[in-house]
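First up is the structure itself, then whatever we jot down about it.
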Amino acid sequence: MFAVLKTGGKQYKVQSGDVLRVEKLAAEAGETVQFNEILMLDGQVGAPIVDGAAVQATVIDQIKGDKVIHFVKRRRKHGSQRTKGHRQQLTLLRVTEILASGGAETGVKAAIGAGSVAGAPSAEPKAAKAPKAAEAAAPAAGDDLKKLPGVGPAMEKKLHEAGVTRFAQIAAWTDEQVAAMDTRLGLKGKIVNDGWVALAKDLAGKA
């Protein structure tokens, strides 16, 4: 009995006892795997596969194919050439049994390509993305600091990042704190010149 199986995008005609090389499978040496995509079984042609048919094989080893040299040369004004080598990852296995029916009930591990999504180990769920520093620093609620002279959205954001979110905070600033904040935000005397502290006291009372 012979069968034509499909794996790794290729078709192989096999009989029991055959040794073949296929594109790398997600299996260890000594494991038994089962091919379920059987396109033909003796004279029976699948549509597209033969229902219930399967081919079982034992993995002998994980190997590499012969080295293939790929040479590219471009004949232009600024010509270039490049040589690359490649060795395909393969699985060497021996066909042990060809099943005409009952393939779905055997419980034998399916032969899955090592690079396929189904063959890849399930990934742990990703942790929730941590908020950006600016978002983490932004307050949940606060006063509209843009009511102060010279404060736009960009300056309001800088004040929030400095921990200033309410008029009451500005109203309570001492001369030393005003000087420190002026230097930190690069305001060049704007806090004093525009009377932020006095205006903040008035706005805080209305809030």
Side-chain angles (χ1 to χ4, degrees), residues 1-138 140 161:
M1 179 183 291
F2 75 87
V4 177
L5 62 88
K6 181 180 178 181
T7 180
K10 300 180 178 65
Q11 299 177 14
Y12 302 85
K13 181 180 178 181
V14 299
Q15 291 179 304
S16 183
D18 284 354
V19 175
L20 67 153
R21 303 188 305 173
V22 300
E23 290 200 17
K24 187 174 181 180
L25 301 175
E28 301 293 333
E31 278 191 274
T32 298
V33 295
Q34 179 171 296
F35 297 92
N36 296 311
E37 286 192 84
I38 309 304
L39 307 179
M40 180 182 290
L41 186 65
D42 278 345
Q44 182 182 359
V45 179
I49 63 174
V50 180
D51 290 337
V55 172
Q56 294 182 359
T58 300
V59 177
I60 299 173
D61 198 4
Q62 300 288 359
I63 61 175
K64 288 185 178 181
D66 297 332
K67 190 168 187 178
V68 178
I69 303 298
H70 178 64
F71 179 75
V72 177
K73 182 177 179 67
R74 297 180 178 85
R75 301 179 185 277
R76 295 291 184 271
K77 181 178 179 180
H78 302 289
S80 65
Q81 61 185 38
R82 180 179 61 187
T83 302
K84 294 174 64 177
H86 173 70
R87 294 187 67 186
Q88 182 66 38
Q89 299 280 343
L90 302 171
T91 297
L92 184 68
L93 43 81
R94 184 186 304 277
V95 177
T96 56
E97 191 172 0
I98 297 176
L99 304 176
S101 61
E105 290 80 34
T106 62
V108 177
K109 176 181 177 179
I112 300 174
S116 68
V117 175
S122 58
E124 293 294 328
K126 292 183 179 180
K129 186 177 180 181
K132 293 180 180 178
E135 295 173 349
E161 291 173 351

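Between the side chain of Arg87 and the backbone N or O of Gly65, at least one donor-acceptor pair lies under 3.5 Å. A distance-only check finds no donor-acceptor pair linking the side chain of Gln44 to the backbone of Leu41 [under 3.5 Å]. Within the 3.5 Å criterion, the main-chain N or O of Gln56 finds a donor-acceptor partner in the side chain of Thr96.
Rounding to the nearest 0.5 Å gives a distance of 10.5 Å between CG of Leu20 and CZ of Arg94. Atom CD in Gln89 sits 10.0 Å away from atom CD1 in Ile63 (nearest 0.5 Å). Atoms CG and CD1, from Asp42 and Ile98 in turn, are 8.0 Å apart once rounded to the nearest 0.5 Å. From Ile112, atom CD1 reaches atom OG1 of Thr7 across 10.0 Å, with rounding to the nearest 0.5 Å. Between the OG1 atom in Thr58 and the CD atom in Glu97 there is a gap of 10.5 Å [rounded to 0.5 Å]. Distance check: His70 NE2 to Lys67 NZ gives 14.0 Å after rounding to the nearest 0.5 Å.
Residues Gln81 and Thr83 have side chains not in contact (no heavy-atom distance under 4.5 Å, counting atoms from C-beta outward). Under the 4.5 Å side-chain criterion, counting only non-hydrogen atoms from C-beta, Lys64 is not in contact with Gln88. For the pair Asp18 and Phe2, the minimum side-chain heavy-atom distance is 4.5 Å or more. In this structure, Glu31 and Leu25 have side chains that are not in contact, with every pair of non-hydrogen atoms separated by 4.5 Å or more. Between Leu93 and Phe35, the closest side-chain pair of non-hydrogen atoms falls below 4.5 Å.
Of the residues Asn36, Leu39, Ile38, the one that meets the side-chain contact (heavy atoms from CB on, under 4.5 Å) test with Ile49 is Leu39. Partner of Thr91 under the side chain to side chain donor-acceptor pair (under 3.5 Å) criterion, out of Arg21, Lys24, Gln62: Gln62 alone.
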(message) As a quick check of understanding, evaluate side chain to side chain contact (heavy atoms under 4.5 Å, CB included) for Lys10 and Glu23, giving each step before the final call.
(response) CA-CA 9 Å; Lys10 300 180 178 65; Glu23 290 200 17; 2.5 Å; yes

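Within a 6.0 Å sphere centred on NZ of Lys6, heavy atoms belonging to other residues, nucleotides or ligands number 12 at most.
Minimum heavy-atom separation, Val45 to Val50: C-CG2, 4.3 Å. Looking at every heavy atom in both residues, Ile60 comes nearest to Ala29 through O-CB, 3.5 Å. Taking both residues in full, the closest heavy atoms of Gly103 and Ala54 are given as CA-CB, 3.9 Å, listed atom of the first, atom of the second, then distance.
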